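Below: the structure, in structure tokens.
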Amino acid sequence: MGYIPIFFDVTGRECAVVGGGEVAARKVESLLEAGAHVTVVSPRLSPRLEAIVARGLVTHIARDYERGDIRGCVLVHAATDDPKLHRELAAEARALGIPINVVDVPELCTFIAPAVVKRGALQIAISTAGASPAFAARLKSALEDQFGTEYAVTLEVLRAARRRLHADEIDPADRMRRLKDLANSALPETIASGDLAAIERILVTHLGHGVGLARLGIDSAVLGLTRATEVPE
């Protein structure tokens with residue numbers, strides 16, 4: 001099998017999860033976090049899924065799957081304990097051109113659900129092409145230790161810096177150079193250290209005179225810091 005890594009925008013789009021157990025609940029939560037409209041098809045639900053349904057976050061079809069339930073969806077997860085149903089779902093999804101993931105049966109999948117390390121806008125996806133989900137989990141644990149919450153804050157700063165330089169109508173080549181240099185700076189490590197003055201110095205060095213956190217519209221409290229400082233010149 002050959003796979004390409006891809007991030008798929010499901011915001012506001014219809015997705016289906018067939019199954020009502022704990023694995024299905026994890027798939028539902030992941031889709032909801034991404035902003036999808038989710039339909040769950042299962043006659044029985046785990047307590048975790050019952051709570052989600054009770055909050056009105058998903059559409060619940062409280063019966064066994066019937067052919068056609070996935071029509072109109074852009075993505076499907078099959079997470080039941082019925083191998084025959086999984087084969088039928090996989091065939092139907094392929095016929096309809098809908099990407100499907102069948103839990104623990106890679107040969108029926110048209111996409112693999114990776115293990116994901118998420119820090120704000122940063123997402124690091126890990127896949128073993130279905131060879132060993134346990135090894136993917138091991139790599140995820142290692143990366144979670146390596147990439148802390150400072151990377152989420154760093155990306156917010158980089159996003160704000162990009163917007164600021166666009167608003168200031170900086171020459172495109174100069175803007176690209178400044179943003180590249182800032183991205184390659186010690187900004188994540190400095191945010192992790194909590195040194196506000198050092199953060200401001202990095203921003204001024206790469207973005208220009210007077211461009212600190214305040215100019216970028218970022219409250220220093222977001223960084224876990226409360227002491228105000230003037231932007232170095």
Side-chain angles (χ1 to χ4, degrees), residues 1-11 15 17 19 21-36 38 46-49 51-52 75-81 86 99-162 179-196 198-199 202-203 206 213 218 220-225:
M1 292 183 182
Y3 297 97
I4 59 170
I6 188 169
F7 288 90
F8 185 27
D9 183 7
V10 295
T11 307
C15 297
V17 176
E22 285 303 300
V23 173
R26 291 198 296 272
K27 304 303 183 183
V28 168
E29 288 169 346
S30 176
L31 288 168
L32 289 175
E33 186 177 0
V38 183
S46 69
R48 190 167 164 186
L49 266 177
I52 293 172
L75 198 76
V76 176
H77 284 283
T80 76
D81 57 2
H86 284 176
I100 185 169
N101 176 266
V102 180
V103 173
D104 290 335
V105 192
E107 60 269 25
L108 293 180
C109 297
T110 52
F111 76 95
I112 294 292
V116 178
V117 176
K118 188 168 184 179
R119 298 290 184 262
L122 174 65
Q123 293 191 66
I124 304 172
I126 306 153
S127 173
T128 60
S132 177
F135 193 70
R138 171 183 171 178
L139 294 176
K140 176 183 176 181
S141 179
L143 288 171
E144 284 175 334
D145 291 339
Q146 182 177 348
F147 293 91
T149 56
E150 68 273 14
Y151 284 87
V153 179
T154 296
L155 280 174
E156 289 305 310
V157 174
L158 292 173
R159 189 199 307 272
R162 186 168 179 269
L179 293 174
K180 181 179 179 180
D181 289 347
L182 181 59
N184 290 321
S185 73
L187 184 59
E189 296 82 0
T190 308
I191 289 173
S193 75
D195 189 338
L196 180 56
I199 294 168
I202 289 173
L203 294 178
H206 296 293
L213 292 171
I218 295 177
S220 61
V222 172
L223 308 181
L225 304 169

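Just so you know, these numbers come straight off a predicted model, no measurement behind them. Start at 1 with the first residue, then count along the sequence.
For the pair Val103 and Lys27, the minimum side-chain heavy-atom distance is below 4.5 Å. Between Val157 and Leu203, the closest side-chain pair of non-hydrogen atoms falls below 4.5 Å.
Considering all non-hydrogen atoms of both residues, Pro133 and Thr128 come closest at N-OG1, 4.1 Å. Across every non-hydrogen atom of Pro99 and Thr110, the tightest pair is CA-OG1, 3.3 Å. The heavy-atom pair separating Ala121 from Leu155 by the smallest distance is C-CD1, 3.8 Å. Taking all atoms of both residues into account, the shortest heavy-atom contact from Leu49 to Gly21 is CD1-O, 3.9 Å. Here the shortest heavy-atom pairing between Tyr3 and Pro106 reads OH-O, 4.0 Å. Minimum interatomic distance between Ala24 and Gly19 (heavy atoms only, all atoms of both residues): CB-O, 3.4 Å.
Under the rule for a side chain to side chain donor-acceptor pair (under 3.5 Å), the partners of Ser46 that lie at least two apart in sequence or sit in another chain are Glu22. Checked against salt bridge (Lys or Arg N to Asp or Glu O under 4.0 Å), Glu156 has the following partners two or more places apart in sequence or in another chain: Arg159.
A distance of 11.0 Å separates CG of Asn184 from CG of Leu179, quoted to the nearest 0.5 Å. In this structure, CG in Leu75 is found 8.0 Å from CG in Asn101, a value given to the nearest 0.5 Å. The OG1 atom of Thr11 sits 11.0 Å away from the CG atom of Leu31 when rounded to the nearest 0.5 Å. Distance check: Leu32 CG to Cys15 SG gives 9.5 Å after rounding to the nearest 0.5 Å. Here Ile100 contributes atom CD1 and His86 contributes atom NE2; the two are 8.0 Å apart, rounded to the nearest 0.5 Å. Taking CD1 of Ile199 as the start and CG of Leu213 as the end, the distance is 6.5 Å to the nearest 0.5 Å.
Counted within 6.0 Å of CZ on Arg119, heavy atoms from surrounding residues, nucleotides or ligands total more than 12; the atom is thus considered enclosed. Heavy-atom neighbours of Asp81 CG from other residues, nucleotides or ligands within 6.0 Å: at or below the threshold of 12. Within 6.0 Å of CG in Asp104 there are 12 or fewer heavy atoms belonging to other residues, nucleotides or ligands.
Applying the ring-ring contact (aromatic ring centres under 6.0 Å, His included) test to pairs two or more places apart or on separate chains, those with a residue in residues 100-123 are His77-Phe111.
A donor-acceptor distance shorter than 3.5 angstrom exists from the side chain of Thr154 to the backbone of Glu150, with no hydrogens or angles considered.
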